[in-house]
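Only one structure is covered here, and it is reproduced in the block below.
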Amino acid sequence: MILDFERPIKELEERIAELHRLAGESEGLQAEISRLEEALEAAKRRIYTNLSPYQRVQVARHPERPNFRAYRDALCEDFYELSGDRHYADDAAVRGGFARITGHNVVLIGHDKGADVRSRVEGNFGMAHPEGYRKVKRLYGLAARFGLPVVTLVDTPGAFAGRGAEERGQAWAISEDLMALATVPVPVVSVIIGEGGSGGALAMCLADYVGMLENSYLSVIAPEACASIIFRDSSRAPEAAEALKLTARDLKEHGIIDEVLPEPLGGAHKDPDAAIRAVGEALERALLGISGSPREALLGKRYARYRRIGSYRTPEGPPS
């Protein structure tokens, strides 16, 4: 899949491949090939280091971006999946269970977008239903019972907004997850590995540490939906993305996340192993930093963290 802003890169790559085919053993075209390869590297750096917010949203949605299963398989020394919400059904859009990551026993939870057509349809493209979020709450409870840190990997366009989901209490399920995370007496570590859409993401990233891959995003609403509501024109999604301040760097600047994690040039899908390694190192740092914290201190810092978000300082007085 080639994104629109990547077309100049693709054209150069195709031209280089064609020259290599024509050159064979001849050295006559080597100078031209070298020149184009230098131009290609310069184009990659120019384009990928100056992505607009909406272009980063497009990268976050790339279908070849490593998903929950890729991170789970690479980072977990052991994983025992738990299924079902004990009320209605199991939701394949959210997976979780007991895991061992970088020597730490944890409860690992993540949105699962799937890797092919069948698994993507089965998991509703990472858009969880109420039973998915009730399963998440059950896992939070197990983490508290056994004293295990919670690790979440967030990658969802948002919670499923269909009629059935609303009838089964989607908003209630998400609000219960938020209350559970606010009070769970164990460390909570979250990394946004792709899309962070609305309450569907928030239900899994109210945490003591929040990291984001640099081409991921976190927003109360998708840029297209925002543009449809505010401008009555979904084609103005790039403008909406700019206004929403949804990129990792924007959120770090506003104190909402703790760390921007580097991605390979062009996005995590260009070198999944490097992206997964960056997330693994961040999880290890975060778990080492907060594991063993006394319960009252942990909950007190979590409360203070979220009280600070959204505060501002007036010229005449203290933060409001």
Side-chain angles (χ1 to χ4, degrees), residues 1-14 16-17 37 40-76 93 95 108 110-127 152-158 190-197 200-201 204-205 211-219 222-224 237-238 241 246-249 251 257 259-283:
M1 175 179 172
I2 302 299
L3 301 173
D4 286 343
F5 61 86
E6 294 179 311
R7 295 196 183 281
I9 294 172
K10 181 64 175 177
E11 290 169 3
L12 280 170
E13 288 175 337
E14 290 175 348
I16 290 169
E37 286 175 340
L40 174 62
E41 285 304 307
K44 284 181 177 180
R45 297 199 174 277
R46 183 182 69 255
I47 291 171
Y48 290 132
T49 58
N50 294 286
L51 295 179
S52 70
Y54 190 61
Q55 287 170 339
R56 292 191 188 278
V57 169
Q58 292 176 294
V59 175
R61 294 170 174 170
H62 199 287
E64 295 172 21
R65 195 173 177 86
N67 61 14
F68 172 77
R69 298 185 197 195
Y71 286 93
R72 177 198 64 190
D73 294 345
L75 297 178
C76 291
R95 297 188 181 276
L108 175 66
H111 295 99
D112 187 3
K113 284 185 170 180
D116 52 32
V117 173
R118 184 193 62 78
S119 59
R120 285 170 183 155
V121 171
E122 179 187 8
N124 200 31
F125 300 88
M127 295 181 289
T152 66
L153 300 178
V154 176
D155 186 14
T156 179
S190 179
V191 177
I192 299 162
I193 58 174
E195 294 189 85
M204 287 168 53
C205 65
M212 285 181 70
L213 285 172
E214 65 176 304
N215 290 317
S216 58
Y217 76 91
L218 178 64
S219 175
E224 296 85 356
L246 45 65
T247 69
R249 287 187 174 85
L251 295 166
I257 68 166
E259 188 175 8
V260 179
L261 308 179
E263 290 190 32
L265 192 66
H269 59 284
K270 297 292 186 180
D271 187 351
D273 290 343
I276 292 169
R277 189 161 53 249
V279 170
E281 291 168 356
L283 291 177

_To check you understand the geometry: which heavy-atom pair defines the closest contact between Leu246 and Met212, and what is its length?_
O-CE, 4.3 Å
*asked:* Taking side chain to side chain donor-acceptor pair (under 3.5 Å) as the cut-off, I'd like each qualifying pair that reaches into residues 262-272, sequence neighbours left out, listed once.
replied: Arg65-Glu263, Asn215-Glu263
*asked:* Strictly distance-based, threshold 3.5 Å: is any side-chain N or O of Asn67 a donor or acceptor partner for the main-chain N or O of Ala70?
replied: yes
*Where is the tightest heavy-atom contact between Ile2 and Lys10, given as atom of each residue plus distance?*
CD1-CD, 4.0 Å
_With heavy-atom distances below 4.5 Å as the criterion, would you say the side chains of Thr156 and Glu195 are in contact?_
no
*Measure from the side-chain N and O atoms of Asp112 to the backbone N and O of Phe68, and report whether any donor-acceptor pair falls under 3.5 Å.*
no
*Considering non-hydrogen atoms only, spot the tightest contact between Ala43 and Leu12 and give its length.*
CB-CD1, 4.2 Å
*Closest approach of Cys205 and Ser190, non-hydrogen atoms and distance?*
CB-OG, 3.3 Å
_Glu281 side, atom CD; Ile276 side, atom CD1 - distance, nearest 0.5 Å_ = 12.5 Å
*CG of Leu218 to CG of Leu251: how many Å apart, nearest 0.5 Å?*
5.5 Å
*Enter the distance from Leu153:CG to Leu283:CG here, rounded to the nearest 0.5 Å.*
6.5 Å
*Would you indicate whether the side-chain heavy atoms of Phe5 and Asn50 approach each other to under 4.5 Å?*
no
*asked:* If you compare all heavy atoms of Ala201 against all heavy atoms of Val154, which two are closest, and at what distance to 0.1 Å?
replied: CB-CG1, 3.6 Å
*Quick one: salt bridge (Lys or Arg N to Asp or Glu O under 4.0 Å) partners of Glu122, sequence neighbours excluded?*
Arg118
*Any side-chain heavy atom of Leu3 within less than 4.5 Å of one from Gln55?*
no
_Go through it in stages, so that I can follow the logic: the residues are Lys113 and Asp155, the test is side-chain contact (heavy atoms from CB on, under 4.5 Å), and I'd like the CA-CA distance, side-chain angles, deciding distance and then a yes or no._
CA-CA 8 Å; Lys113 284 185 170 180; Asp155 186 14; 3.1 Å; yes
*Less than 4.5 Å apart, any side-chain heavy atom of Ile193 and any of Pro66?*
no
_side-chain hydrogen bond (donor to acceptor under 3.5 Å, both in side chains) partners of Glu6, counting only residues at least two apart_ = Tyr48
*Of all heavy-atom pairs between Ala60 and Ser216, which one has the smallest distance, and what is that distance?*
CB-CA, 4.0 Å
*asked:* How long is the straight-line distance from CG of Leu108 back to CG of Leu75, given to the nearest 0.5 Å?
replied: 8.5 Å
